[in-house]
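Here's the structure we're looking at; comments come further down.
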Amino acid sequence: MQSNHIEQQLADALFSHGIGQLSIRADGEIHRFDAPDKRRGNLSGWYVCPTDTIAVYGFWHTGEQHTLTLAGEHDPIAAEQARQAAQRARQVRESHRQREQLQAAKRARRLWASASPADRHHAYLVAKQVAPHGLRQHGDRLLVPLFAGGQLVNLQRIGPDGGKRFMPRAHLKGCATIIGRLAAASRLYLCEGWATAATLHEATGYPVVAAMTANNLAIVGRMLRQRLPASVAITVAADNDRHTEGNPGITAAKEVAAAIRADLTWPRFSCMDCSCTDFNDLARCQTSREGAI
Ligand SMILES: [Zn+2]
């Protein structure tokens, strides 16, 4: 049944997405609500009624966006108002996210300040056979400091079992951590994970930047290339995700290396039956095999 009130039309449309119990306010403001397929409090859904004949709604996590109008589908004025409303919604979301990231950065700095130097006998460091390299520890969690623009903005917390978590709602894109000193270095390595960085640093003595995820390699790599003198050589040390279709580690690293004129390397495994993917795995796998001989 079609209603001639935008509130009712919007409520019907949201109901078809599994969202009930929402009292619609067609007041021109951006309103947010929980998407039903995400955790409670996700606030991924949004709607705005720029006039009493138009509603625009969508979900941030999927990027989907819909327009409802009582003025008829092809009314150009309605379409323009809907476009502007959607743009305002994006700005609201962006400023909300920046606020959240600022708050997360404050929490990260407090946690970092209250933490102690990491115990070299922490189960994760023992398992990975690397030194703490300036990590800190809070309770039984290791803290890996993540920087953006020279500021500590996020922490990767690593439990004794190797479980890893970033600070919720913290800045991650373009964030990285470093082992060793960049100043006066003639070469540096760029890799994904912290333990890989530790192994590479211990093996080569060069500074190593860990971008944390394959997704982050490109943006961190470009930043390094822009900031460092052209004479500094960069080697991208890929994870060799040989058991994953398309090998995302090597694929991402190849693209970055080409884009920033970097060398590229990845671990070559003689082991076939193990789950080794990165240079830390390689170092430990070799050690255990030599020990077994
Ligand atoms: Zn292996």
Side-chain angles (χ1 to χ4, degrees), residues 118-135 137 140-146 155-166 172 175-180 185 187-218 220-221 224 233-258 260 262-293:
D119 178 355
R120 61 173 50 253
H121 301 297
H122 185 281
Y124 183 76
L125 298 176
V126 171
K128 294 292 183 181
Q129 298 174 19
V130 292
H133 297 290
L135 293 194
Q137 188 170 338
D140 64 357
R141 316 237 138 217
L142 292 173
L143 305 180
V144 181
L146 302 186
L155 297 170
Q156 185 180 52
R157 294 168 295 174
I158 307 179
D161 62 353
K164 302 188 181 96
R165 291 193 66 180
F166 297 112
L172 182 60
C175 292
T177 197
I178 182 164
I179 299 177
R187 174 176 295 278
L188 75 89
Y189 282 86
L190 171 63
C191 68
E192 286 187 35
W194 181 85
T196 306
T199 296
L200 288 168
H201 180 70
E202 290 176 14
T204 67
Y206 287 118
V208 186
V209 171
M212 294 293 118
T213 68
N215 272 340
N216 231 359
L217 278 178
V220 171
L224 287 168
I234 301 177
T235 301
V236 182
D239 282 7
N240 182 352
D241 299 320
R242 59 204 167 126
H243 299 307
T244 309
E245 172 136 9
N247 203 322
I250 290 183
T251 304
K254 261 187 187 157
E255 284 174 23
V256 184
I260 65 169
D263 302 320
L264 176 65
T265 183
W266 62 81
R268 274 84 168 172
F269 299 105
S270 53
C271 53
M272 297 302 292
D273 47 345
C274 56
S275 58
C276 294
T277 59
D278 61 38
F279 275 107
N280 176 273
D281 297 332
L282 180 69
R284 287 182 296 114
C285 198
Q286 280 173 348
T287 310
S288 69
R289 269 154 208 264
E290 281 158 16
I293 290 166

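Every number for a ligand or one of its atoms is a count from 1 in the order of the listing. Please read these numbers as outputs of a predicted model, since none were measured by experiment.
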Give every protein N, O or S atom lying under 2.8 Å from the Zn ion (ligand 1), naming each by residue and atom.
-> Cys271 SG, Cys274 SG, Cys276 SG, Cys285 SG
For Thr265, all residues meeting side chain to side chain donor-acceptor pair (under 3.5 Å), sequence neighbours excluded = none
Under a 4.5 Å cut-off applied to non-hydrogen side-chain atoms, are Arg242 and Trp266 in contact?
-> no
Across all chains, not counting sequence neighbours, the salt bridge (Lys or Arg N to Asp or Glu O under 4.0 Å) partners of Asp140 are none
Only pairs at least two apart or in different chains count here, so list each side chain to side chain donor-acceptor pair (under 3.5 Å) that has a residue in residues 191-200.
-> Thr196-Asp278, Thr199-Asn280
Where does the angle between the aromatic ring planes of Tyr206 and Tyr189 fall among parallel (under 30°), tilted (30 to 60°) and perpendicular (over 60°)?
-> tilted
Is any side-chain heavy atom of Arg165 less than 4.5 Å from a side-chain heavy atom of Arg141?
-> no
